[in-house]
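The shown structure was predicted, so the numbers you read here are calculated from the model rather than taken from an experiment. Ligands are counted one by one from 1 in listed order, and the atoms in each one are counted from 1 as well.
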Amino acid sequence: MSARLTVPSVQGRKVRRGDVPLVMVTAYDAPGARMADAAGIDMILVGDSVAMVVLGYDDTLQVTVDDMAHHTAAVARAKPSSLIVADMPWMSYHVSVEETVRNAARLIRAGAQAVKLEGGRKRLPMIEALIDAEIPVMGHIGLTPQSVNAMGGFKVQGREHDAAMALADDAKALAHAGCFSIVIEGVPDVVGQLITDSIDVPTVGIGAGSGCDGQVLVFHDVLGIEDRVLPKFVRRYADLGAEGVRALGAYADDVRTGRFPSAAESYHVKTPATETLGLYGSPTTLG
Ligand code: KIV
């Protein structure tokens, strides 16, 4: 097991200084976290995308702090070397600074080393309070899925000059407030590059082009477990959904035709010498 990546070690990573790009993937449970860790992923994001890719909702607005703490704890139990970042769900950092800090603390106590929240300058009071409470914060700007209703859909952001400049100003404000890294989602590649060049903390892109200091993708998209219509920025590296259907179909077939279980997959009685008490207290022999 390699040493866990820390927030300070991520904070200084910039491609323009010669660093290797950061790799982040989402995970929502222990097996997913173990796979990400074994693959040498730098950071695991317990994303609120769990709402869509695991829990079957149409957007991310339905998950709560309880849900996120439950999934964060499952990821943390795998004890990955990857840095664990937990998403703050919608409405967990919008009502008051006090509620924000308490909600983030629950995710840290569940096993995250940092939290991520969406939005630009208007989130500064919450971000400053979190950092003051020693909770590292990753920002998230551009296409922020929790704003799906305000944005009128999952739409690419920053296409116009003024909107792109406003995003760069947001990024500078978040970095200045102390965010150790910023996710940039769903912006033109030149805007991803502009923002990355404007700040000294690493940017992690998703649909933001190749100019960011790292990339993040959703676990189920990378592995082809989902069959939803994929955004153009997703590259699928496996087709585990189809492979899973094939395997489950083969299992069903074997059960129905009597090929499963085989003798090797069954327990057998032993010779009388190893006689033991059976489940219900009567002498029996087990193999
Ligand atoms: O929840 C999530 O998966 C995310 C990524 C898209 C960055 O926030």
State the atoms of ligand 1, each with its element, that fall below the 4.0 Å cut-off from a heavy-atom position in [X].
X: Gly47; value: 1 (O), 2 (C)
X: Ile206; value: 6 (C)
X: Asp48; value: 1 (O)

Inset, instruction - Considering only non-hydrogen protein atoms, determine which one is nearest to atom 7 (C) of ligand 1 and report residue, atom name and distance to 0.1 Å. - result: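 Of the protein heavy atoms, Leu45 CD2, 3.8 Å lies nearest.
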
Inset, instruction - Please confirm whether Ser49 comes within less than 3.5 Å of ligand 1 when only nitrogen or oxygen atoms on both sides are compared. - result: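 Between Ser49 and ligand 1 (N or O atoms, distance only) the closest approach is under 3.5 Å.
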
Inset, instruction - May I ask you to check if ligand 1 and Thr26 share an N or O to N or O distance below 3.5 Å? - result: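 No, no N or O pair falls under 3.5 Å.
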
Can you give me every donor-acceptor pair (side chain of residues 153-161, partner residue at least two apart or in another chain, under 3.5 Å) with its distance?
from: Lys155; atom 1: NZ; to: Gly152; atom 2: O; distance (Å): 3.1
from: Gln157; atom 1: NE2; to: Lys155; atom 2: O; distance (Å): 2.8

Inset, instruction - Determine whether any heavy atom of Glu118 lies closer than 4.0 Å to an atom of ligand 1. - result: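 It does not, in that no heavy atom of Glu118 comes within the 4.0 Å cut-off of ligand 1.
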
Inset, instruction - Say whether Met24 and ligand 1 are in contact under the criterion: heavy-atom distance to a ligand atom below 4.0 Å. - result: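 Contact absent.
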
Legend entry - Qualifying residue for side-chain contact (heavy atoms from CB on, under 4.5 Å) with Ile127, from Val97, Asp132, Val137, Val115: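 One option only clears the test, and that one is Val137.
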
Legend entry - Atom pair CG/CE of Leu5 and Met24 - distance to nearest 0.5 Å: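 CE of Met24 is found 11.5 Å from CG of Leu5.
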
Legend entry - Pairwise distance SG(Cys212) to CG(Asp197) - rounded to 0.5 angstrom: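 If I round to the nearest 0.5 Å, the distance is 10.0 Å.
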
Legend entry - Candidate pair Asp67 and Thr64, rule side chain to side chain contact (heavy atoms under 4.5 Å, CB included), full reasoning: CA-CA 5 Å; Asp67 295 325; Thr64 63; 3.1 Å; yes

Below 3.5 Å, can you tabulate the donor-acceptor pairs from side chains in residues 165-179 to any protein atom, sequence neighbours excluded?
from: Asp170; atom 1: OD1; to: Arg121; atom 2: N; distance (Å): 3.1
from: Asp170; atom 1: OD1; to: Arg121; atom 2: NE; distance (Å): 2.6
from: Asp170; atom 1: OD1; to: Arg121; atom 2: NH2; distance (Å): 3.3

